[in-house]
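One is the number of the first residue; the rest follow in order along the sequence. Side chains are part of it too, since the values below use all heavy atoms of this structure and drop only hydrogens, waters and symmetry mates.
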Amino acid sequence: MRTEASHPATRDTASTGIPNFDEILGGGLTRNRFYMVQGVPGSGKTTLAMQFLMEGVRAGESVLYVTLSETEEEIRAVADSHGWSLEGVQILEVVPSEEALSPEEQYTVFQPDEVELSETTKAILNEVEVRRPVRVVFDSLSEMRLLAGSALRYRRQMLGLKQYFAGRHCTVVVLDDCTGTDDDPQLQSITHGIVELDQETPLFGSARRRLRVIKFRGRQYVGGYHDFRISRGGLQVFPRLVAAKHRGRSESGSLSSGVPALDALLGGGIERGTSTLLTGGPGTGKSTIAAQYAVEAARRGERAAMFLFDESAATLRKRLSSLKMEIEPLLDSGRLSIQQVDPAEMSPGELLYTVSRVAMDEHASVVVMDSLNGFLNAMPHDKLLNTQLHELLTHLGQQGTATLLVSVQRGLIGSNMESPVDASYLADAVVLLRYFELQGSIRGAISVLKKRSGPHERAIREFSIGTGGVRVGPSLDRFHGVLTGVPRYLGDDLPALI
């Protein structure tokens with residue numbers, strides 16, 4: 001999902017052709033400056049450079065791609081893989097010719113680096129004088145580094161190129177594949193901005209890519225790592241979620257589930273702009289309650305979205321249909337959406353960005369994340385979960401969106417059940433569902449442990465799900481130890497339960 005950058009383009013700013021990347025940069029690249037994009041091979045440097053140049057062509061600018069490592073045919077093959085036309089992009093191929101590799105052409109009097117660097121630089125500058133580009137990309141610095149031979153000669157050459165292009169009003173992007181012996185801190189000091197592209201391969205699943213702006217003189221940018229993916233059509237960047245930057249509408253009021261007894265237990269329903277944690281053992285009804293609120297919101301004509309980690313969308317449809325919750329018309333109308341999330345393929349940054357855009361762009365009143373256990377599996381490190389979850393819940397709350405989080409506890413019956421994800425302190429309301437044993441059968445119980453936004457019932461009520469849907473029964477006030485799983489009845493005659 002892509003959106004236009006929130007920073008308007010100016011004559012002093014050059015768009016990269018990637019709207020979300022421009023947003024991270026505070027509007028784009030400052031014109032007539034010297035930039036470095038560094039990253040390991042395969043991290044997406046060439047793709048980013050092409051998008052930068054093609055954006056220049058769309059703006060009516062003259063652009064030049066200088067390749068010192070790949071042939072023009074290889075460059076065009078990369079463009080074809082994305083469905084791009086490089087019409088208007090001038091490509092200067094500066095690679096050794098076949099004749100230059102013959103023994104007769106090898107140097108004996110002069111050092112090879114003295115001759116080759118001078119000839120390469122002269123060839124590039126001659127072409128620049130003729131073509132007069134406004135945007136230039138050098139691919140890659142590793143070749144220039146090898147031609148220079150020494151760190152001092154390399155730095156002086158790059159400093160000379162920077163000054164040369166600055167005098168000709170060119171915005172220059174140089175690519176570095178980090179194959180040198182060090183990070184070239186001397187060269188990094190002379191650049192106006194540095195962007196790092198990073199990729200890592202987890203033990204299972206596709207490669208995870210992210211970028212960060214290491215340096216950008218004179219511009220306020222969004223720091224930290226931002227996830228991105230490379231797909232047909234180029235880089236898709238997912239800016240790191242910063243809740244303080246996206247303060248939206250603030251709505252108040254309650255959202256009904258359509259089940260009066262359930263709403264009464266919660267003091268009138270869940271509140272807009274708050275988060276509710278539904279926790280309990282497997283099969284206790286957490287997902288059904290979350291779906292009940294989402295479906296009821298869609299029935300009222302509002303927008304609701306469900307993100308599923310554990311259950312498939314097909315299984316959810318079938319299960320809700322058996323409970324007389326027909327959702328096909330709601331899905332067809334677009335008021336309800338169900339997205340299956342594969343933690344092995346979708347990065348955490350992409351997921352948070354997708355959820356946030358549902359609230360910001362589509363003004364969803366209800367968002368369901370089922371479950372936090374699956375969300376945890378999408379995280380590269382467990383300790384990042386609560387931090388990112390806090391930022392997401394704050395952001396959704398600022399948009400007036402009610403968030404329902406499902407958390408599955410380990411175990412089935414008993415008081416020693418544990419949650420692999422402790423989000424109870426982050427949520428505004430906590431609903432606990434438990435099994436308990438009664439006369440040789442398994443029953444369900446529901447209770448509200450916490451609600452920051454107002455009063456709620458303290459009672460433990462019986463809970464069941466049947467063909468008629470969700471049912472909340474009477475208070476289990478004559479039972480003691482329901483949450484232990486094996487309660488003791490304190491009355492004389494066993495009351496009729498649902």
Side-chain angles (χ1 to χ4, degrees), residues 254 256-271 274-293 310 319 323 368 370-373 404-498:
S254 300
S256 172
S257 65
V259 181
L262 178 59
D263 293 336
L265 189 64
L266 281 157
I270 61 175
E271 303 296 325
T274 65
S275 57
T276 301
L277 176 66
L278 302 168
T279 184
T284 50
K286 304 175 301 298
S287 299
T288 302
I289 292 178
Q292 181 75 41
Y293 276 102
D310 310 321
R319 182 164 58 82
L323 299 176
V368 174
D370 187 6
S371 65
L372 286 182
N373 305 68
L404 291 161
L405 308 170
V406 175
S407 176
V408 182
Q409 294 181 318
R410 297 189 181 99
L412 294 174
I413 293 180
S415 58
N416 296 322
M417 298 178 68
E418 297 180 353
S419 297
V421 183
D422 183 14
S424 58
Y425 72 98
L426 294 175
D428 297 304
V430 177
V431 179
L432 176 66
L433 293 102
R434 281 290 175 89
Y435 289 119
F436 68 96
E437 178 186 348
L438 180 63
Q439 292 185 324
S441 64
I442 298 296
R443 302 294 186 97
I446 183 172
S447 57
V448 178
L449 303 183
K450 164 188 173 183
K451 187 180 180 184
R452 287 176 178 152
S453 56
H456 62 88
E457 285 192 14
R458 297 283 181 177
I460 301 175
R461 293 185 176 274
E462 189 180 9
F463 176 80
S464 67
I465 300 174
T467 55
V470 173
R471 297 181 63 190
V472 177
S475 172
L476 300 173
D477 52 4
R478 297 188 182 182
F479 291 87
H480 178 73
V482 172
L483 299 185
T484 66
V486 186
R488 179 165 52 91
Y489 182 60
L490 303 179
D492 297 327
D493 298 323
L494 192 66
L497 301 178
I498 59 175

List for me each residue that meets side chain to side chain donor-acceptor pair (under 3.5 Å) alongside [X], sequence neighbours excluded, and say none if there are none.
X	answer
Ser257	Asp263
Asp477	none
Thr288	Arg319

What distance separates [X] [atom1] from [Y] [atom2], expressed to the nearest 0.5 Å?
X	Y	atom1	atom2	result
Leu483	Ser447	CG	OG	5.5 Å
Thr284	Ile289	OG1	CD1	8.0 Å
Leu405	Lys286	CG	NZ	13.0 Å
Ile446	Leu433	CD1	CG	4.5 Å
Phe479	Leu490	CZ	CG	9.0 Å
His480	Leu476	NE2	CG	13.5 Å

[X] side-chain N/O to [Y] backbone N/O, donor-acceptor pair under 3.5 Å:
X	Y	result
Tyr435	Ala445	no
Asn373	Val408	yes
Arg443	Phe436	no
Arg461	Gly473	yes

If you apply the rule side-chain contact (heavy atoms from CB on, under 4.5 Å), what do you find for Val431 with Leu449, and how did you get there?
CA-CA 6 Å; Val431 179; Leu449 303 183; over 6 Å; no
For [X], all residues meeting side-chain contact (heavy atoms from CB on, under 4.5 Å), sequence neighbours excluded:
X	result
Arg458	His456
Ser424	Leu277, Asp422, Val430
Ala429	Thr276, Lys451

Which atom pair, heavy atoms only, marks the closest approach of [X] to [Y]?
X	Y	answer
Pro260	Gly258	CD-O, 3.6 Å
Arg452	Tyr425	NH2-O, 2.6 Å
Ser275	Ala427	OG-CA, 3.3 Å
Ser407	Leu372	CB-CD1, 4.4 Å
Leu323	Gly466	CD2-O, 2.9 Å

Under 3.5 Å, is there a donor on one side chain and an acceptor on the other for Asp428 and Ser453?
no
Using the side-chain contact (heavy atoms from CB on, under 4.5 Å) rule, take Gln409 and Arg434 through it: C-alpha gap first, then chi angles, then the decisive distance, then the call.
CA-CA 10 Å; Gln409 294 181 318; Arg434 281 290 175 89; 3.6 Å; yes
Check against side-chain contact (heavy atoms from CB on, under 4.5 Å), Phe463 and Val470:
CA-CA 8 Å; Phe463 176 80; Val470 173; 3.4 Å; yes
